[in-house]
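To start, the structure under review is shown below, and the notes come after it.
Since this is a predicted model, take the numbers as computed values, not measurements. Each ligand, and each atom within it, is numbered from 1 in the order the structure gives.
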Amino acid sequence: MKIHQSFTGGNIRVLRQQGNEIYLENELRDTQGDWFYWAFCVEGAEGMTLTFHFSPNRLGYYGPAVSHDAHTWHWLGSCDGDSFTYTFGEGEASVYFAHNLLYHPDRFLALAEKQNLKVEPLCVTKKGRTVPCTAFGEGELQVILTARHHACESTGDYVLEGVLSELSDSPEANKLLRVLCVPFVDYDGVVDGDQGKGRAPYDHNRDYAADAAPLYPTTQAIRKYAEENGCHFGFDFHSPWHKGGRNDTVFIVQNSFEKEERLRAFSACLAQEVTEESMDYKSENDIPFMTEWNKGAPTFAAFMTARPENDVAFTLETAYFGTPDNLVTDARLVSLGRAFARALLSYIAAHHPKAPTP
Ligand SMILES: [Zn+2]
């Protein structure tokens with residue numbers, strides 16, 4: 001039996017094994033402070049029942065996400081405090097377990113092919129990887145969509161998939177908008193299985209201080225793109241902290257007092273567009289500006305919202321696990337993204353002065 005992290009998104013350290021009890025720890029790598037992401041593969045455990053133990057705040061409400069191919073994930077459905085037990089069937093030669101539903105970069109490539117979107121190189125990372133992006137639409141309103149400024153925050157990519165699907169399906173959107181989408185901003189972190197959050201000296205989402213040169217090639221390319229093409233709308237899709245309270249919901253991070261009315265108007269459009277099939281969204285969960293941890297640090301959203309042509313730009317946080325009445329699944333996250341795209345179109349129709357009247 002072998003436990004390893006040699007796959008896209010892998011992150012684990014085996015502390016010790018006592019019989020069928022295995023004690024594990026996630027690797028923080030260059031993250032300052034504590035974080036909770038992990039993902040590992042077990043090979044050659046057919047017929048065995050193993051219990052995996054973690055430190056506190058490493059397991060969600062429904063136990064680990066489980067996969068047989070590192071692409072399609074489901075919740076195990078149960079855990080026992082900070083541990084979970086799994087019985088490997090005779091045919092289960094390799095099983096993946098993770099903190100959250102991982103989003104493999106291949107899934108974005110498959111989506112682009114399905115939607116007839118051309119995947120282009122945005123830039124090359126510090127580790128020499130080519131960062132994928134896609135652009136489409138013939139309109140005058142520039143939209144920039146991003147996810148994974150924090151490498152481990154995969155729910156953002158599922159939501160982004162829905163946004164991309166809905167917008168690229170819509171002839172109206174193609175006429176009205178010009179969209180740039182960067183689905184894996186911290187691409188090295190996504191592939192290597194880093195936390196990404198709180199990286200030393202600072203993470204990708206802190207690499208937007210207007211008076212400082214960008215540290216990372218991806219953020220540099222995004223900032224340059226916005227300077228050359230503008231950004232009327234900027235949306236950055238994240239996952240919040242591990243779990244509990246607001247972290248179990250979908251919420252907008254309000255980043256401006258001046259634009260509070262617009263943020264509320266967008267929020268109302270999104271609340272209107274969510275369906276039974278999507279993750280639910282309630283405006284009351286939005287975090288007001290300068291409240292709790294939301295104290296105006298440099299972010300993609302703050303950078304874009306400060307641009308003169310910008311209407312609104314914000315972070316949307318989507319829970320890792322949700323709650324029994326609002327459970328996170330890949331399909332419900334994608335549906336939320338579709339609702340988000342419809343909300344953008346209805347917001348533009350109602351509030352944006354440049355939009356043609358319907
Ligand atoms: Zn984040």
### Query
Cationic tip of Arg16 within the cone over Tyr23's six-membered ring, i.e. under 6.0 Å and within 45° of the normal?
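Yes - Arg16 lies over the ring of Tyr23, closer than 6.0 Å to its centre and within 45° of its axis.
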### Message
Ring-plane angle category for His242 and Phe36, please: parallel below 30°, perpendicular beyond 60°, tilted otherwise.
### Response
tilted
### Query
For Lys243, what residues pass the side-chain hydrogen bond (donor to acceptor under 3.5 Å, both in side chains) criterion, not counting sequence neighbours?
none
#### Entry: Heavy-atom donor-acceptor pair, Arg206 side chain to Gly198 backbone, under 3.5 Å
no
### Query
Counting no waters, how many protein N/O/S atoms sit under 2.8 Å from the Zn ion (ligand 1)?
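That number is 4, waters not included.
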### Query
Asp106 and His71: side-chain donor and acceptor closer than 3.5 Å?
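Their side chains do contain a donor-acceptor pair, which is all the 3.5 Å distance test asks for.
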### Task
Tell me, yes or no, whether the heavy-atom count around Glu138 atom CD, taken from other residues, nucleotides or ligands under 6.0 Å, exceeds 12.
no
